[in-house]
> 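Here's a structure for you.
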Protein chains: 2
Amino acid sequence: MKAVLDLQKQLLPDVLDIIKKRYQILHHVMAYRVVGRRTLAASLHMTERVLRAEVDFLKEQGLLEVESFGIKMTPAGKKLLDEMEPMMKEMTGLARYEEQLRQRFGIGQVIVVHGDSDESSYVKQELGRMAALALRKSVQKETVVAVSGGSTIYEVAQQLASSTALKGSIFVPARGGLGESVEYQANTVASVMAKKTGGQHRMLHVPDHLGEEAYQTLLQEPNIQEVVQVIRSARIVVHGIGEAKVMAKRRKASPELVQALLEEGALGEAFGYYFDRNGVVVNRMPTVGLKLEDLQNAEKVIAVAGGSSKGESIASVLRYGCESILVTDEGAAKKILQD
Amino acid sequence: MKAVLDLQKQLLPDVLDIIKKRYQILHHVMAYRVVGRRTLAASLHMTERVLRAEVDFLKEQGLLEVESFGIKMTPAGKKLLDEMEPMMKEMTGLARYEEQLRQRFGIGQVIVVHGDSDESSYVKQELGRMAALALRKSVQKETVVAVSGGSTIYEVAQQLASSTALKGSIFVPARGGLGESVEYQANTVASVMAKKTGGQHRMLHVPDHLGEEAYQTLLQEPNIQEVVQVIRSARIVVHGIGEAKVMAKRRKASPELVQALLEEGALGEAFGYYFDRNGVVVNRMPTVGLKLEDLQNAEKVIAVAGGSSKGESIASVLRYGCESILVTDEGAAKKILQD
DNA sequence: TACACCGGGACGTTTTGAGTCCATCGTAGA
DNA sequence: TCTACGATGGACTCAAAACGTCCCGGTGTA
């Protein structure tokens, strides 16, 4: 059943919304037994007119009966309602996760896709696809988009396609070298995005593991400074979320640093900042680029991360509370919400 | 899967059409590999504009790619197409039956519902529901509707609901007493329909098994004549189809008559007329009301009958060739088409 | 008997959908 | 290298559907 619904959602995305709406109408009528049009409209938060159109339709379908004293169910309607229940559970399952996440962390929009990135690579693709869609909808003409690195965001880049609005965008890495492998570096991701969309991109070349002195010298470079300025003016930020321990090790942090991170309770990581379970920043990678306070000025901050193993990490970053849009998967959503 | 689709069809009837259309677009693009908008529109019998809207949508969904040299598939689109195939077979199965029946017998509209009336009484309800819908759509203000008897048409009456157009209608039995049980008599059906819709009805009281003399006397009765005149002016005729042998026996025909019918090759029966396998009328019940030639003047003739056991009978009546709309079920459709 | 609430009809406004035409761009072929 | 063709994408117009809103006649109930 899930397969059918997923396929349909691709070819007719609002099928779910319409069916849900009509199901709710039937459900309410069932609860009231007999109810007037206006009462029903108020209780469903609809205007009278649209409810009326829906009721007329359901009457045509023989599911509702409309008499002079009100609206009530037909036997066929009752039967349909019974048969729909398992399907609706299935259909609204993800919607419920989305709503709960939205409420708990105060995020503007949450998108949850089926499955678990830990278990199937297809889910990560889907994650990328939905994030790419969200990005496309967020972007306006000539927007600066700052992106982090990581395999998930790389997948977002892969799923991007050109669109009129995106063509004028400028893609930049959110922060300088964070010790990722080349393929998943923020620089690479930004350039792939620019290529896929027909937009522009700027690179930020900051080698890893630089001595303090060389580092300060580099910062004085005019073209570095210029790029950093562009980055910090980003109106849209797209970033992944990593597990603090995994990220620290991958970046070849010293054992002392890893130890320190763990003692500080670091759980999640996003563009070089480490967060603890309360969403407090406990550490950060020594590099240049987007600063945490710049997020306040950004129009939209889009987090993309999935997989049940990342649940706690995602939650820690969400608690910091700067996200506008979260794209995640069922596995992570379950994990996040069960604590 | 079938269950999900059936439920959806009740809450969103044109979901099938839209999905089919979009699937076809993908399919064509796949076949062409790369194709221009106009070429594609012509090949799909669409106007350029609507195709364009669809292509834009499919592009947004990441299923098609639009470049300056034409339209082509994305990997995601190919994948979707593969996964859709079994679903489309399922979805278009009934549609194919409908089309084949339409072609073979030259009927204006054919509706085939899932299942087999012989096996499940639910299918007969569904048959009634679809026929009621077709009737509602056919009727205009103050239409005379002539109906036959039988359990199927009785079900149609049960499924009717009031609508503005139907309120002005006049329901009449197509022909006088045909020896059905009271519940399923045409008179009863007409009165139920009138009650359900808020319309009017006229009765035609002609007792069964009347002697020739009494019969002729009855015909002279002014009010009988008046009702007959109304009947013969019917603009819409709704009738069932029976198996000749079964009907003859149910009506307590003499063994000689049954024998004669069989020898004449009677297969199907509709409102008192018996048809052989070539659609030729071989016999008729001795009563008054609608005559066969009146069907020519009727605007719409709606036949409702299902069940694989009735397949041959239905085919024999269809061959006579007076139907505008046929409502049947999967079981009967298969049987009819396999000969 | 009076009142409150019901469905249905009507009307003006707004939004969406569809038909048509044209500008621009890229590619292929001469 | 230039030209011509066919591609997309944008713009404009008109029609139709959707919607918000108000009112009317009827009906059940207090």
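Here is the naming used below: chain letters follow the sequence lines, and residue numbers restart at 1 for every chain.
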> Would you indicate which nucleotide in C:dG8, D:dT27, D:dG20 comes nearest to any side-chain atom of A:K59?
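In terms of side-chain proximity for A:K59, the closest of C:dG8, D:dT27, D:dG20 is C:dG8.
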> To the nearest angstrom, how far is A:D56 atom CG from C:dG7 atom C1'?
10 Å
> Could you check how far CD of A:E48 sits from P of D:dA18, rounded to whole Å?
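It works out to 17 Å between those atoms.
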> Using whole Å, report how far NZ of A:K72 lies from P of D:dT27.
16 Å
> To the nearest angstrom, how far is B:E67 atom CD from C:dT27 atom P?
10 Å
> Rounded to whole Å, how long is the line connecting atom CE of A:M46 with atom C1' of D:dA18?
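For the pair A:M46 CE and D:dA18 C1', the rounded distance is 15 Å.
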> Mind calculating the distance between CZ (A:F57) and P (D:dC19) to the nearest angstrom?
14 Å
> Verify the distance criterion only: is there a donor paired with an acceptor across the side chains of B:Q125 and B:Q158 at less than 3.5 Å?
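Distance-only check fails for B:Q125 and B:Q158.
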> A:R49 has an atom CZ; how far is it from atom C1' of D:dC23, in whole Å?
14 Å
> Specify the residues of residues 16-45 of chain A, ordered by number, for which at least one heavy atom lies under 4.0 angstrom from an atom of DNA chain C.
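Within residues 16-45 of chain A, the residues near DNA chain C are A:V35, A:G36, A:R37, A:R38, A:T39.
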> Name the residue closer to the 5' end of DNA chain C, choosing between A:I71 and B:V50 according to the nucleotide with the nearest heavy atom.
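Between the two, 5'-proximity favours A:I71.
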> Using a cut-off of strictly less than 4.0 Å, decide whether A:S68 has a side-chain nitrogen or oxygen near OP1 or OP2 of D:dG26.
no
> Give the nucleotide from the list C:dG7, C:dG19, D:dT8 with an atom nearest to the side chain of A:V66.
C:dG7
> Consider side-chain hydrogen bond (donor to acceptor under 3.5 Å, both in side chains). Of A:H28, A:Q24, A:R38, which one does A:S43 pass it with?
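Testing each of A:H28, A:Q24, A:R38 against A:S43, the sole residue satisfying side-chain hydrogen bond (donor to acceptor under 3.5 Å, both in side chains) is A:H28.
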> Indicate yes or no for a side-chain donor-acceptor contact from B:T197 to the backbone of B:G199 under 3.5 Å, with no hydrogens or angles considered.
yes
> Please lay out, stage by stage, how A:L51 and A:I25 fare under the test side-chain contact (heavy atoms from CB on, under 4.5 Å).
CA-CA 8 Å; A:L51 179 90; A:I25 294 174; 4.1 Å; yes
> Looking at A:T39 and A:V35, would you say the former's side chain and the latter's main chain have a donor-acceptor pair under 3.5 Å?
no
> Would one find more than 12 heavy atoms of other residues, nucleotides or ligands at under 6.0 Å from atom NE2 of A:H27?
no
> Look only at the side chain of A:S324 and the backbone of A:V301, and say whether a donor-acceptor pair between them is shorter than 3.5 Å.
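Answer holds: yes.
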> Distance check needed: D:dC19 P versus A:R52 CZ, whole Å only.
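Checked: the CZ to P distance equals 13 Å.
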